[in-house]
Amino acid sequence: MKLNDDQKMMLDGGRGEGARIAMEMIVAIANVYGAEDLIPIKSAHCAGLSLKSHGLAGMRWVEDMAAKGARVVVPTTMNVVGVDRSRDLGLPKDWVEPQMRIEKGYEAMGCFGTSSCVPYYYSFLPKFGEHIAWAESSAVVFTNSVLGARDNREGGPSAWAAGVTGYTPNYGLHLDENRRGGIRFDITCDINGIADYGAMGNFIGKMVGEKIPVLVGLDKFKPTTEELVYMGAAMASAGGVAMFHAVGVTPEAPTVEAAFGGIKDYDTVEFGKKELEQGYHNLTCGKSRDVDFVAIGCPHMSLNQVRQIAEMLDGKHIKDDVTMWVHTNMAIKAMARELGYLQKIEDAGAVLTQDLCVVLSCPEVLGFHTLATQSPKMAFYAPGNNGFDVWYGSEEKCVKAALTGRWED
Ligand code: F3S
């Protein structure tokens, strides 16, 4: 494998022990994937920062790397964590304290302590064609597909190592030939709202595994950014999807031919009403219709989504024995506060959380059993990760469940 002088210097410890270890990791990954060289990146996004992922050993590793002088050299953001630093949600002290130490460790290495899975909503927006090293599967599929940036599905440690060295191995989705579509889906039913996009993403992700799906017929629905975010998150959780093309919607798919990059012998699947219903079915495992926990905003909500929820809750009050968490990050929450949306949400008895991820936190210790959500990713992971029974559907249904304590079809 070819290394330039800068890379060799780091590998020889010329930038300190922390950077040497990071470069050693990058070279090892490059060798595993057969990359011929390393390429410079514009930004990195570290994921897996929750205590659930790191454990105490991981916490000590982060602190050790910071003490060994590892410092990021490109803008490096942090993914969600398992606490809300702005408030006490009742989570155990022996969970909160180590989680805060993990965050502090990454911040000491120069990462932005913004802790969100949607850093592209607030100032960290990769450009078309830019090479980046982001972890967090929902963010990776969004940056590749919707923005046209070039990113592999990094793990937390490899994204960290890329942030510290400024390089990533040149393989996978950094190369043109690996960004071509692998299977075609003809959309023949109506797709309306985020829950439909999530159900569709789940069905497709489950079916394609790691292939790049090409969606034909989505352009007529003019999907919003948030709908594409949720569809991608669903594909990435149900399968290993790191990129999709939507013809007439995403930048590398102006035509079907462009999306497939000249390949002609691909399979075509019709995606209709039956497949959409199957997606909903895959994401629902509720038994009792009595809901005690409503959590929405996974990936974190945009300002527009927060405003819609504030308007739905305006002047109402959620049922006494129901807890409702609406998830976003500190930047959007700060704007929501200024604009009065936060007040409406809090007046209704709901909580607008900051930088928190339900799946990577431990809300189950608070005694909840049945979750209602509009998130295809949370609905996919929460039964296994948190032990919840789950009802999956639109924001309107989730808000109604919060107000009444009942899930209705
Ligand atoms: Fe974000 Fe956690 Fe959901 S990382 S996409 S809030 S599972």
Side-chain angles (χ1 to χ4, degrees), residues 45-54 77-85 89 91 99 102-103 106 111 113-122 124 134-146 153-156 159 194-195 197-198 201-202 205 225-242 283 293-302 305-306 309 324-333 351-364 371-388 390 392 395 398:
H45 179 68
C46 295
L49 307 186
S50 95
L51 182 62
K52 230 175 216 173
S53 314
H54 265 60
T77 41
M78 288 159 57
N79 206 40
V80 291
V81 288
V83 297
D84 176 341
R85 280 175 291 187
L89 288 168
L91 299 175
Q99 176 66 86
I102 292 169
E103 285 190 81
Y106 279 96
C111 301
T114 40
S115 303
S116 179
C117 41
V118 293
Y120 44 82
Y121 280 162
Y122 55 89
F124 299 99
W134 285 29
E136 168 46 34
S137 62
S138 72
V140 172
V141 72
F142 181 80
T143 55
N144 272 316
S145 315
V146 181
R153 213 171 134 135
E154 299 291 344
I194 275 183
Y197 278 87
N202 172 277
T225 302
E226 291 88 343
E227 287 165 344
L228 294 173
V229 168
Y230 273 62
M231 182 177 75
M235 286 181 186
S237 48
V241 176
L283 292 167
F293 185 36
V294 178
I296 56 177
C298 157
H300 280 168
M301 285 196 162
S302 67
Q305 286 176 291
V306 172
I309 297 302
M324 181 176 189
W325 289 356
V326 181
H327 301 294
T328 192
N329 50 64
M330 69 163 78
I332 288 169
K333 185 177 167 187
V351 177
L352 184 64
T353 70
Q354 170 182 317
D355 300 349
L356 175 74
C357 167
V358 157
V359 172
L360 297 172
S361 183
C362 55
E364 60 276 14
L371 166 75
T373 186
Q374 50 54 286
S375 162
K377 185 169 173 182
M378 199 190 299
F380 182 84
Y381 284 120
N385 270 37
N386 310 97
F388 295 144
V390 178
Y392 171 75
E395 286 87 351
C398 291

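Both ligands and their constituent atoms are indexed starting at 1 by order of listing. Note that these values count all heavy atoms, side chains included, but never hydrogens, waters or copies made by symmetry.
Contact of the Ile332 side chain with the His300 side chain is not registered, since no non-hydrogen atoms from C-beta on lie closer than 4.5 Å. For the pair Val118 and Phe142, the minimum side-chain heavy-atom distance is 4.5 Å or more.
Residue contact check: Glu136 has heavy atoms under 4.0 Å from atoms 4 (S), 5 (S) of ligand 1. Listed by number with element, the atoms of ligand 1 under 4.0 angstrom from any heavy atom of Asn79 are 4 (S).
Applying the side chain to side chain donor-acceptor pair (under 3.5 Å) rule to Ser137 yields no partners; only residues at least two apart in sequence or on another chain are considered. Here Thr373 pairs with nothing under the side chain to side chain donor-acceptor pair (under 3.5 Å) rule; sequence neighbours left out. Listed by chain and residue number, nothing satisfies the side chain to side chain donor-acceptor pair (under 3.5 Å) test with Tyr197 (two or more places apart in sequence, or in another chain).
In this structure, the side chain of Glu364 does not engage the main chain of Gly387 through any donor-acceptor pair within 3.5 Å. In this structure, the side chain of Asp355 does not engage the main chain of Val81 through any donor-acceptor pair within 3.5 Å.
For atom 3 (Fe) of ligand 1, protein N/O/S neighbours under 2.8 Å (waters excluded) are Cys298 SG.
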